[in-house]
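What follows is a single structure, written as structure tokens, with notes after it.
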Amino acid sequence: MKWAGKAFLVGFTAIASHFFLSSLARADTIYASDYGSDAIVRFDSNGNASPFADANSGLYRPAGLALGGSGNLYVANSGSNTVMKFDSTGNGSVFASSGLNGPSSLAFDGSGNLYVLNGSDGTIEKFDSSGHGTFFASVGLTLSQGLACDASGNLYVANVPILAPGSLIRVNKFDSSGNQSVFASFLFPANEMIPGGLAFDTSGNLYVAIDYLFRPSPEFIYRIDPSGSQSLFTSSGLASPRGLAFGSGGDLYVANVNGTIEKFDSSANASPFASGLNQLRGIAGQAVPEPATWFLLALGILALLGSRQFCRRVS
């Protein structure tokens with residue numbers, strides 16, 4: 001085999017290996033919103049923390065988080081009625097400010113539209129990629145928390161439509177036109193049970209955090225399959241769970257109001273991930289390929305370029 005042919009084969013193999021291995025060897029970057037400290041903290045996959053943004057960046061009572069397709073982090077600034085956008089280095093700017101009233105939760109659909117739940121009035125605003133917003137829907141009564149989009153672009157919102165007797169928690173489903181239906185409901189005998197975060201796994205199961213305001217008391221994460229069938233996922237390791245996010249390996253990260261982050265594998269086995277924060281309200285996860293897979297990509301590109309140059313010189 002001629003040198004050019006060997007170089008092409010090496011390049012093709014290295015590039016293919018990058019995309020195959022990067023789907024396996026991925027590290028998680030986890031972002032958590034510290035409501036009590038007006039800060040966003042970034043964690044590597046081992047739970048090592050580093051500052052990402054703070055009040056000097058414009059944060060004021062940060063709540064829900066969402067990662068955009070380009071890797072930018074979006075933050076619901078509940079204290080200033082804004083949504084902020086941060087690049088990977090922590091540089092922030094105001095993304096949206098219209099139609100917001102105590103924004104608490106964020107979710108992106110597959111088309112890049114950002115949905116924002118207003119915790120103060122139970123309305124939902126929809127923003128395009130330029131930050132232009134329009135009214136999308138209303139979930140009505142108070143204590144609405146948690147947003148998530150499925151793979152088909154449907155939006156799910158958890159809320160408490162009535163407070164007594166007991167607590168009825170509903171998960172409402174909205175199609176892309178804003179038509180609403182009840183996807184699932186939970187009835188608890190105790191008052192003041194409220195929903196926390198929502199998150200979908202890769203199989204299309206929806207996870208719902210249930211928070212009891214008057215702790216100590218058992219708190220829950222339920223799993224709802226695509227047909228609406230419910231099962232208890234876990235009731236351990238929770239302390240007012242408010243934010244849910246999945247990592248690349250299928251682990252579920254849970255942000256607790258008490259300043260801890262718990263990690264659950266697919267079998268609901270819990271392990272502490274982080275602690276020592278103030279009041280956590282939101283969490284988001286981003287998977288990135290390990291450095292070795294980027295080396296393979298660079299090697300492949302160089303080999304392909306080398307084979308091309310060789311062919312030019314001998315032709």
Side-chain angles (χ1 to χ4, degrees), residues 17-33 41-49 64-69 71 73 105-110 146-156 158 171 173 183-184 195-211 219-239 241-256 260-275 280 282-294:
S17 297
H18 160 77
F19 288 105
F20 174 73
L21 291 175
S22 63
S23 67
L24 301 176
R26 298 175 74 88
D28 291 326
T29 299
I30 303 298
Y31 297 87
S33 59
V41 182
R42 179 165 53 190
F43 299 87
D44 66 18
S45 55
N46 295 316
N48 299 311
L65 304 178
L67 282 158
L73 180 70
S105 303
L106 308 177
F108 275 100
D109 65 17
L147 281 183
C149 281
D150 65 16
S152 300
N154 299 303
L155 181 69
Y156 297 76
V171 178
K173 176 181 177 181
F183 178 65
L198 301 179
F200 277 98
D201 65 15
T202 55
S203 298
N205 300 305
L206 179 63
Y207 291 70
V208 183
I210 307 294
D211 174 17
E219 295 170 315
F220 314 98
I221 294 177
Y222 281 90
R223 177 169 51 203
I224 310 173
D225 70 18
S227 69
S229 178
Q230 308 167 14
S231 60
L232 178 65
F233 178 70
T234 188
S235 59
S236 64
L238 305 176
R242 292 297 175 87
L244 305 180
F246 277 95
S248 59
D251 294 322
L252 177 64
Y253 296 85
V254 180
N256 290 313
T260 63
I261 300 174
E262 199 78 7
K263 183 170 76 170
F264 297 87
D265 66 16
S266 58
S267 300
N269 297 309
S271 58
F273 180 74
S275 61
L280 296 183
I283 194 167
Q286 181 180 41
V288 295
E290 296 283 13
T293 68
W294 289 113

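Reckoned from all heavy atoms, side chains included, excluding hydrogens, waters and symmetry mates. Residue indices begin at 1 and follow the sequence shown.
A distance below 6.0 Å separates the ring centres of Y207 and F246.
Atom OG of S231 sits about 8.0 Å away from atom CG of N205, to the nearest 0.5 Å. Distance check: D28 CG to N46 CG gives 10.5 Å after rounding to the nearest 0.5 Å. One finds the OH atom of Y156 at 5.0 Å from the CZ atom of F183 (value rounded to the nearest 0.5 Å). Annotation: the span from I221 atom CD1 to D211 atom CG amounts to 11.0 Å, rounded to 0.5 Å. Between L106 atom CG and L65 atom CG the span is 7.0 Å, to the nearest 0.5 Å. Between atom CD1 of residue I261 and atom CD1 of residue I30 there is a gap of 7.5 Å, rounded to the nearest 0.5 Å.
Between L252 and F233, some side-chain heavy-atom pair lies under the 4.5 Å cut-off. A heavy-atom distance below 4.5 Å is found between the side chains of E262 and P272. Between L147 and L155 there is a side-chain heavy-atom pair separated by less than 4.5 Å.
Scanning all heavy atoms of the two residues, the minimum distance from S33 to G282 falls at OG-N, 2.8 Å. Smallest separation of non-hydrogen atoms from I224 and A184: CD1-CB, 3.6 Å. Closest heavy-atom contact between A158 and P195: CB-CB, 3.5 Å. Considering all non-hydrogen atoms of both residues, L198 and A148 come closest at CB-CB, 3.9 Å. The heavy-atom pair separating A199 from A245 by the smallest distance is CB-N, 4.4 Å. Nearest heavy-atom pair across S203 and P226 is O-CG, 4.2 Å.
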side-chain contact (heavy atoms from CB on, under 4.5 Å) between L280 and R242, worked out: CA-CA 7 Å; L280 296 183; R242 292 297 175 87; over 6 Å; no
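If you check the side chains of S227 and S229, you find no donor sitting under 3.5 Å from an acceptor.
Listed by chain and number, the residues in a ring-ring contact (aromatic ring centres under 6.0 Å, His included) with F220 are F188, Y222 (sequence neighbours excluded).
A side chain to side chain contact (heavy atoms under 4.5 Å, CB included) with F264 holds for exactly one of D251, N269, V254; it is V254.
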